[in-house]
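Below is one structure, written out as C-alpha cells, with a few remarks after it.
Side-chain atoms are counted along with the backbone in the values below, which use heavy atoms only and exclude waters and symmetry mates. Keep in mind that this is a model prediction, so the values were computed, not measured. Residue numbers start at 1 and run along the sequence shown.
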Amino acid sequence: ETIKSGQDIDNRILVPSYFVKTIKSLYEKGGASNYREAVKLADRILDNSEYMHESVIDHIVFMKCQSLARLHDKEFFNAVRQVKEPESSFLHGFYFRITRQRKRAIDSYKRVLDRRPNDHRAKGELVLLYLQNDEYELALGLAKNVYERQKNNPINANNYLNCLFYKDKNNVDQQLVEEILDKLKSNPSQRSQEIYCSAKAKALAKFDNQVDEAFALIEQGIHKFPEIKYPVLTLCDLSIQYRKLDKLEYAIGLLEHSDSPKSQTYSSFIRYKAIYLALTNRLDEAIQLCQKELLELTAQELGHFFEKLAQYQK
C-alpha cells in the first residue's frame, strides 16, 4: 500500500515480489492513471535490477509493456525490445489489438503459434480478433480448443458460446450450450455472472424463441452491472436482430457516454451507431461516420460493411 501511494521506502527492505504484486494489482484495476503508475513502478525496480533474477526482470518488463500498450504509448516499441521471442510477438499482437490494428495483431499471434503451437494465450487472443472481424468459422475451432483446456475461465466460455450462437441453431448441440451456461451460472465471480446474463439472454432468444424474456434479462444485467459495457453490446445485438429501434437507441445512448476512441469497444459502438442510422434511413450519415471513425478498416473491409448497411436500410 505504501508503494502504491508513492511514498519513499528504503530499497534495502524491498524484495521484487512486492513490486510484482503491486504492478499487477494496478494493471488489473485498470484506468490510465493506474497504468501510468504501473509503468513508473516498473521503471523504478528495473533501475535497481542488477542483482535480480532474470525471470523476475522478464516478468516486470512484460507487465510494463502491457501497461504501455493499454495507454497507446509509442514507448512500448522501445520497451518491447528487451523481450525475447515468442513473448515479443505476443506483446506486439497485444499492442496492435488494443490499438485496433487487427491484421497486424493476427499476424503477430500467428508468429507466436509458429514457434509455440500450443500457446493457449495466443489462441485466445486470435479468437477475440476473429470474432471482432465476424470470422466465426475461423474462431470456432480455436475457441473450442481453448475452452476445453480451461473450462472454468468465463472469457473462454463466452468466446466459445459466441461462436456457437452464430451457427444455425439446428447445427448446435443445445445440451453443450446449457452445460456451459450452467458452469457460468455456478461461478460466483462478477465477470462470470455478467457474462452469464448476456449469454443466457442470447440463448433464450435463439433456441427458445423467448425474445421478450431475453430483453428483460439483458436489461436487468445492464442495471446490475452499470460499469460493464458487455451487456449493453448484447442489447445492441439483440435489438438489431429483432429490429427493436427504441432499445437500440437506448443502448447506443449508454455507449455514447462511456466510449472513447481508445476504448476496446469503440469500433463496435461505431458499427452499432451506423446500423441504427441505416435502419432509420440515414445511410449517408452512417457511411460518413464509418469513414471518419473506423480508420483501422481497409477500403475493402469498409466496402463490405457499407453493403451490409445498405441491406439494413431495406
Side-chain angles (χ1 to χ4, degrees), residues 3-4 6 8-9 11 14-130 132-133 142 146 155 260-267 295-298:
I3 293 170
K4 278 186 195 175
D8 286 333
I9 303 173
N11 285 335
L14 287 171
V15 293
S17 64
Y18 292 162
F19 278 104
V20 171
K21 288 176 183 175
T22 307
I23 294 167
K24 188 168 184 283
S25 71
L26 285 166
Y27 179 81
E28 289 176 347
K29 192 179 292 183
S33 61
N34 286 319
Y35 295 138
R36 281 192 286 269
E37 193 62 30
V39 172
K40 193 192 303 181
L41 286 176
D43 284 338
R44 178 179 169 188
I45 192 167
L46 291 170
D47 286 343
N48 297 280
S49 62
E50 57 184 310
Y51 300 114
M52 280 168 44
H53 194 279
E54 185 180 357
S55 65
V56 176
I57 296 172
D58 289 346
H59 192 45
I60 290 169
V61 172
F62 190 92
M63 288 191 292
K64 175 184 174 180
C65 289
Q66 283 186 305
S67 299
L68 288 168
R70 291 284 187 188
L71 291 166
H72 296 205
D73 191 327
K74 295 289 177 61
E75 178 58 29
F76 166 88
F77 293 102
N78 290 324
V80 79
R81 288 180 187 144
Q82 302 173 55
V83 180
K84 301 184 185 73
E85 288 287 7
E87 295 296 286
S88 174
S89 286
F90 181 89
L91 285 166
H92 276 93
F94 185 72
Y95 179 90
F96 292 134
R97 178 171 73 77
I98 293 292
T99 55
R100 308 199 331 257
Q101 301 176 65
R102 290 181 195 152
K103 186 182 183 308
R104 298 179 77 179
I106 288 169
D107 290 344
S108 297
Y109 289 127
K110 283 182 175 177
R111 285 200 305 275
V112 176
L113 293 177
D114 285 342
R115 288 171 171 259
R116 206 157 53 197
N118 292 318
D119 191 309
H120 283 78
R121 296 173 312 152
K123 289 181 181 180
E125 292 282 324
L126 276 174
V127 169
L128 282 175
L129 288 158
Y130 287 144
Q132 288 170 1
N133 281 349
L142 286 171
V146 173
I155 303 297
S260 72
K262 286 190 177 181
S263 164
Q264 281 297 284
T265 58
Y266 188 70
S267 63
L295 301 177
E296 73 273 15
L297 297 186
T298 64

Original post:
How many angstroms lie between atom CZ of R36 and atom CZ of R70, to the nearest 0.5 angstrom?
Top reply: 15.0 Å
Original post:
CD/Q101 to CD1/I106 distance, rounded to the nearest 0.5 angstrom?
Top reply: 12.0 Å
Subject >> Donor-acceptor under 3.5 Å (R116 side chain, R111 main chain) >> reply: no
**OP:** Give the minimum heavy-atom separation between A105 and G93, together with the two atoms involved.
**Re:** CB-O, 3.5 Å
Original post:
Do F94 and Y109 have their ring centres less than 6.0 Å from each other?
Top reply: no
Original post:
Is any NZ, NE, NH1 or NH2 atom of the basic residue among R121 and E125 found under 4.0 Å from an Asp or Glu carboxylate oxygen of the other?
Top reply: no
Original post:
Is there side-chain contact between M63 and V20, with at least one heavy-atom pair below 4.5 Å?
Top reply: yes
Original post:
Quick one: are L126 and L113 in side-chain contact, heavy atoms under 4.5 Å?
Top reply: yes
**OP:** Can you measure from CG (L128) to CG (L142) and round to the nearest 0.5 angstrom?
**Re:** 11.0 Å
Subject >> Interatomic spacing from CZ in F77 to OH in Y95 - rounded to 0.5 Å >> reply: 4.5 Å
Original post:
So, H92 versus F76, ring centres under 6.0 angstrom or not?
Top reply: yes
Original post:
Just by modelled atom types, is the V61 backbone N or O under 3.5 Å from a matching donor or acceptor in the Q82 side chain?
Top reply: no
Original post:
Is the shortest heavy-atom distance from the side chain of H53 to the side chain of V56 under 4.5 Å?
Top reply: yes
Original post:
Quick one: OG on S67 to NZ on K24, what's the gap to the nearest 0.5 Å?
Top reply: 12.0 Å
**OP:** Give a yes or no on whether a salt bridge exists between K110 and D114, defined as a side-chain N under 4.0 angstrom from a carboxylate O.
**Re:** no
**OP:** With the side chain counted from C-beta on, respond yes when D58 and V83 share a heavy-atom pair under 4.5 Å apart, and no when they do not.
**Re:** no
Original post:
So, R97 and E296, do they make that salt bridge, N to O below 4.0 Å?
Top reply: no
Original post:
What pair of heavy atoms forms the shortest contact from I98 to Q264, and how long is it?
Top reply: O-NE2, 3.0 Å
**OP:** Look only at the side chain of S88 and the backbone of K84, and say whether a donor-acceptor pair between them is shorter than 3.5 Å.
**Re:** no
Subject >> Gap separating the SG atom of C65 from the CZ atom of F90, nearest 0.5 angstrom >> reply: 12.0 Å
Original post:
So R102 and S267, side-chain hydrogen bond (donor to acceptor under 3.5 Å, both in side chains) or not? Walk me through it.
Top reply: CA-CA 12 Å; R102 290 181 195 152; S267 63; 3.0 Å; yes
Subject >> Any E85 side-chain heavy atom under 4.5 Å of V112 side chain >> reply: no
Original post:
Looking only at heavy atoms, what is the nearest atom pair of G124 and V146, with distance?
Top reply: N-CG2, 3.9 Å
Subject >> Salt bridge E87-R115, side-chain N to carboxylate O under 4.0 Å >> reply: no
Original post:
Do N78 and E75 get their side chains close enough for a donor-acceptor pair, meaning under 3.5 Å?
Top reply: yes
